[in-house]
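We name chains A, B, ... by the order of the sequence lines, and we start the count at 1 in each one.
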Amino acid sequence: MTTEDSKPASDFIRDIVRQDLLTNKYDGRVHTRFPPEPNAYLHIGHAKAIWISFSIAEEFNGLYNLRFDDTNPVKEEQEYIDAIIRDIRWLGWDWGDRLYYASDYFEQMYEYAEQLIRAGKAYVDELSAEEIRDYRGTLTEPGRLSPYRERPLEENLALFRRMRAGEFPDGSRVLRAKIDMTSPNLNMRDPVMYRILHASHPRTGDKWCIYPMYDWAHGLEDSIEGITHSLCSLEFEDHRPLYDWFLDELGIYHPQQIEFARTNLTYTMTSKRRLLRMVREGLVSGWDDPRMPTLCGLRRRGYTPETIRTFCQRTGVAKTNSTVDIAFLEHCLREDLNQRAQRVMGVLRPLRMVIDNYPEGQVEEFDAVNNPENPAAGTRKVPFSRVLYIEQDDFLEEAPPKYFRLTPGSEVRLRYAYFVTCTGVVKDKSGEVIEVHCTYDPATRGGDAPDGRRVKSTLHWVSAEHAIEAEVRLYDHLFNKEDPADVEDGKDFKDYINPDSLEVLTSCRVEPSLAGATPGSRYQFERQGYFCVDPDSSSGKLVFNRIVTLRDTWAKIQKQQKND
RNA sequence: UGGGGAGUCGUCUAGUGGUAGGACAGCGGACUCUGGAUCCGUAAGCGAAGGUUCAAAUCCUUCCUCCCCAGCCA
């Protein structure tokens with residue numbers, strides 16, 4: 001990790017683990033797991049959960065498992081399994097041979113269920129889903145006992161076996177734990193352990209028609225794998241008594257569940273349901289749309305795994321609900337990319353510049369630094385000629401205060417090349433400037449004036465004759481509301497989608513050294529931002545995604561001037 | 001109005017009876033062949049009220065606010 005902080009993270013979970021190690025609670029073992037349900041793609045929030053579980057195991061010389069919690073075949077698909085594996089690998093985690101599936105434990109879980117029935121702690125209920133809900137009571141009123149609650153053990157056993165055998169239709173019966181219908185914790189009011197689902201499972205096919213519920217399955221999975229610290233998010237706090245109850249009643253190995261707060265990001269939506277909707281309704285191009293907070297989206301956008309891991313570490317672990325400013329993620333990104341990205345010149349919105357006193361047909365090559373943060377990255381040659389392209393933003397006929405770029409009569413530096421002075425412009429019929437004319441000072445070759453005169457600005461440029469065309473996709477936040485999940489009455493989260501989150505520029509010009517750049521490679525276009533070659537690129541046409549802009553103090557000044 | 005959690009600068013986070021610190025964002029400045037990077041400076045916080053104590057973010061009491069739970073989802 002090049003950018004990860006050197007000091008080890010410390011938080012309340014690490015404190016607990018340290019304490020457990022001290023008291024030898026699990027024979028000195030630390031073993032965690034990340035248990036995704038394969039019903040969607042992973043997003044930045046999952047990256048945090050993965051980081052918490054995996055980095056803790058790593059730090060304490062423990063082990064970590066990747067385990068698919070595939071207990072609901074109605075929603076789960078192989079596509080998601082494959083994507084999740086790919087994404088976690090990309091983040092840089094290696095679980096060795098410890099890739100598991102809850103479905104591999106179905107038989108064992110079934111046996112445990114029979115054990116509980118024989119112990120008089122579970123029963124087959126024939127109430128309908130609606131009735132069960134009704135019998136459960138409310139937050140303030142206790143529930144009522146199901147009329148099927150006191151069946152003889154043998155009858156429960158027989159019925160449960162027939163459930164497994166497929167003798168009953170979906171929804172007709174469930175297996176319930178017999179706990180306490182008056183518990184103030186609703187999860188303890190005889191929770192459902194198994195439901196009948198005649199659905200084909202991505203891994204077990206049609207072998208099963210009863211599937212375990214989360215609360216019943218999860219502790220068993222942890223127990224079977226010998227997990228020591230089962231880390232999950234806050235909403236499962238209420239479920240912990242149930243997690244404990246099942247394991248205690250069964251008398252089997254008992255890991256401890258510890259809950260932490262999820263990490264949210266401003267201007268970002270991480271609800272699986274809504275992300276799925278955006279994909280299905282075509283609001284984005286897919287799970288890997290570079291605007292998506294999914295790991296594959298961030299990857300395609302150009303984020304590095306190191307950035308994400310650093311971000312996870314620096315935002316910390318706590319039990320307080322938190323929403324981190326996305327600017328912090330972007331800060332981690334820039335910090336990382338600044339160190340590693342090769343510099344290059346690219347003009348997004350080309351404006352033709354003619355240097356009138358530069359010899360026609362002449363071409364010079366200038367040495368350009370590949371990465372000022374890393375001298376070992378060396379230099380490259382950039383061709384220069386009489387006709388160039390500069391950025392439209394870098395010329396203004398009437399310059400506002402503090403505008404240091406090119407303006408009639410002003411002198412600026414063309415990066416690595418010469419000082420040029422603007423002598424005039426050419427306009428089209430509508431009065432739009434379509435060409436600027438300059439003269440250059442041959443004495444400033446390389447970019448420095450021997451007489452010591454200074455310019456206030458340095459512009460990037462490309463030689464018109466040598467530049468290659470490219471498409472550049474400019475991204476902005478997908479939502480224009482700080483908390484898009486906070487949907488006001490009568491609105492839909494779609495109302496908060498930023499209509500300007502994507503701008504496609506098709507006639508950009510980049511320096512010739514970029515020819516042959518491969519998808520996934522990242523560059524800094526000087527003065528503009530970081531860009532990543534998109535897989536949509538073909539041999540004849542480069543497509544870049546803007547990962548993030550450079551910090552832009554001029555944009556800030558402009559904003560202030562606009563407000564004044 | 002049941003139960004479970006959480007409240008420290010705008011945001012995230014340290015602190016565990018002894019000077020409330022860091023980071024991002026903000027503001028100001030230096031430097032600069034990227035208005036980048038870097039560097040320096042600056043403003044800003046213990047949810048409230050009582051109590052214990054020489055001393056409280058920290059311990060006690062009461063209150064307030066926010067989040068989660070009534071799936072045969074996870």
Side-chain angles (χ1 to χ4, degrees), chain A residues 5 10-11 15 35-37 39 69 71-72 74-76 125 127-130 132-134 136-143 170-176 183-189 191-197 210-211 213-215 217-218 232-241 259 261 263 266 272-273 314-332 334-335 338-339 343 345 368-369 372-373 402-405 412-417 419 444 446-448 454-460 524-529 549-557:
Chain A
D5 295 354
S10 192
D11 52 67
D15 289 344
E37 183 191 13
N39 66 348
D69 205 3
T71 56
N72 184 2
V74 175
K75 293 182 175 173
E76 297 155 7
D125 199 352
L127 253 24
S128 69
E130 301 75 53
I132 286 182
R133 191 191 319 129
D134 186 48
R136 185 153 31 226
T138 68
L139 294 179
T140 51
E141 303 157 40
D170 289 4
S172 61
R173 281 165 185 79
V174 290
L175 182 71
R176 288 230 253 172
S183 172
N185 180 347
L186 268 42
N187 295 123
M188 301 300 272
R189 321 244 261 228
V192 173
M193 295 164 62
Y194 277 95
R195 75 285 216 190
I196 301 172
L197 244 35
I210 56 171
Y211 289 93
M213 297 287 290
Y214 169 86
D215 286 308
H218 207 86
C232 62
S233 45
L234 247 33
E235 68 267 28
F236 293 104
E237 231 155 2
D238 284 346
H239 296 246
R240 191 179 350 119
E259 310 84 11
T263 297
T266 57
K272 271 188 185 182
R273 211 187 86 247
R314 306 222 275 225
T315 47
V317 183
K319 297 194 74 156
T320 320
N321 286 317
S322 67
T323 302
V324 178
D325 191 340
I326 194 161
F328 185 63
L329 209 213
E330 292 170 345
H331 163 78
C332 296
R334 290 190 183 101
E335 183 183 76
N338 178 47
Q339 293 302 318
R343 272 59 167 176
M345 289 196 284
V369 174
E373 305 295 327
K402 293 188 182 168
Y403 184 84
F404 302 144
R405 280 110 99 144
V412 299
R413 174 189 296 109
L414 293 178
R415 182 104 159 128
Y416 301 121
F419 284 11
T444 58
D448 281 305
R454 316 284 286 256
V455 287
K456 292 196 106 168
S457 180
T458 299
L459 310 188
H460 61 277
Q524 183 197 98
F525 287 9
E526 292 207 27
R527 303 207 305 133
Q528 314 218 68
T549 62
L550 250 25
R551 273 185 60 212
D552 189 348
T553 44
W554 169 239
K556 207 185 281 178
I557 292 168

How is [X] classified with respect to the nucleic acid when contacts are heavy atoms under 4.0 Å: base, sugar-phosphate, or nothing?
| X | answer |
| --- | --- |
| Arg413(A) | base |
| Tyr403(A) | base |
| Arg136(A) | sugar-phosphate |
| Met345(A) | nothing |
| Arg343(A) | base |
| Ile132(A) | base |
| Leu329(A) | nothing |
| His218(A) | nothing |
| Glu259(A) | nothing |

May I ask you to verify if any side-chain N or O of [X] is less than 4.0 angstrom from the OP1 or OP2 atom of [N]?
| X | N | value |
| --- | --- | --- |
| His331(A) | rC24(B) | yes |
| Lys456(A) | rU32(B) | no |
| Arg189(A) | rA70(B) | no |
| Arg195(A) | rC73(B) | yes |
| Thr71(A) | rA74(B) | yes |
| Thr553(A) | rG36(B) | yes |

Using the [atom1] atoms only, state how far [M] lies from [N], rounded to an integer number of Å.
| N | M | atom1 | result |
| --- | --- | --- | --- |
| rG26(B) | rC9(B) | C1' | 12 Å |
| rU8(B) | rU65(B) | C1' | 15 Å |
| rC54(B) | rG22(B) | C1' | 30 Å |
| rU42(B) | rG5(B) | P | 43 Å |
| rC46(B) | rU19(B) | C1' | 15 Å |
| rG15(B) | rG7(B) | C1' | 15 Å |
| rA43(B) | rG35(B) | P | 30 Å |
| rA25(B) | rC40(B) | P | 15 Å |

Check for a donor-acceptor pair, side chain of [X] on one end and backbone N or O of [Y] on the other, with a separation under 3.5 Å.
| X | Y | value |
| --- | --- | --- |
| Ser183(A) | Asn185(A) | yes |
| Arg413(A) | Thr444(A) | no |
| Arg343(A) | Glu526(A) | no |
| Glu76(A) | Asn72(A) | yes |
| Arg195(A) | Gly171(A) | no |
| Arg334(A) | Thr549(A) | yes |

*Hey, does Glu237(A) have a side-chain heavy atom less than 4.5 Å from the side chain of Lys319(A)?*
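A side-chain contact under 4.5 Å exists here.
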
*Indicate the atoms forming the closest heavy-atom contact of Arg405(A) with Ser457(A), along with that distance.*
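Minimum heavy-atom contact is CG-OG, 3.6 Å.
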
*For Thr320(A) against Ala261(A), the heavy-atom pair lying closest together*: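 Shortest heavy-atom contact: O-CB, 3.2 Å.
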
What is the separation between atom [atom1] on [X] and atom [atom2] on [N], rounded to the nearest whole Å?
| X | N | atom1 | atom2 | answer |
| --- | --- | --- | --- | --- |
| Glu330(A) | rU11(B) | CD | C1' | 14 Å |
| Asp448(A) | rU32(B) | CG | C1' | 12 Å |
| Lys556(A) | rG28(B) | NZ | C1' | 11 Å |
| Phe328(A) | rG10(B) | CZ | C1' | 15 Å |
| Arg454(A) | rU32(B) | CZ | P | 5 Å |

*Have a look at rG71(B) and give me syn or anti from its glycosidic angle (syn if within 90° of zero).*
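Base orientation relative to the sugar is syn.
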
Any donor-acceptor pair under 3.5 Å joining the side chain of [X] to the base of [N]?
| X | N | value |
| --- | --- | --- |
| Arg405(A) | rG35(B) | yes |
| Gln528(A) | rU34(B) | no |
| Asp238(A) | rG3(B) | yes |

*Met213(A), nearest nucleotide to its side chain (from rA74(B), rG35(B), rC27(B))*: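 Closest of the options to the side chain of Met213(A): rA74(B).
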
_Runs of at least three Watson-Crick or G-U pairs with RNA chain B, cut-off 3.5 Å_ =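 RNA chain B stems, ordered by first number: B:2-7 with B:64-69, B:10-13 with B:21-24, B:26-30 with B:38-42, B:47-51 with B:59-63.
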
*May Phe404(A) be described as stacking on the base of rG35(B), applying a 5.5 Å centroid limit and a 30° limit on plane angle?*
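Yes; by the centre-distance and plane-angle rule, Phe404(A) counts as stacking on rG35(B).
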
*Using the rule for Phe, Tyr, His and the six-membered ring of Trp, do Trp554(A) and rG35(B) stack at under 5.5 Å and under 30°?*
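Yes.
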
Interface polar pairs with nucleotides 12-14 of chain B, N/O, under 3.5 angstrom:
| residue | atom | partner | partner atom | Å |
| --- | --- | --- | --- | --- |
| rC12(B) | OP1 | Thr323(A) | N | 3.3 |
| rC12(B) | O2' | Thr315(A) | O | 3.1 |

*Do Glu37(A) and Lys75(A) meet the salt-bridge criterion of a basic N to acidic O distance under 4.0 Å?*
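Answer for the salt bridge query: no.
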
*Assess whether side-chain contact (heavy atoms from CB on, under 4.5 Å) is satisfied between Arg314(A) and Phe328(A), documenting all intermediate values.*
CA-CA 10 Å; Arg314(A) 306 222 275 225; Phe328(A) 185 63; 3.7 Å; yes

Can you pull every protein N or O that's under 3.5 Å from an N or O on nucleotides 38-40 of chain B?
none

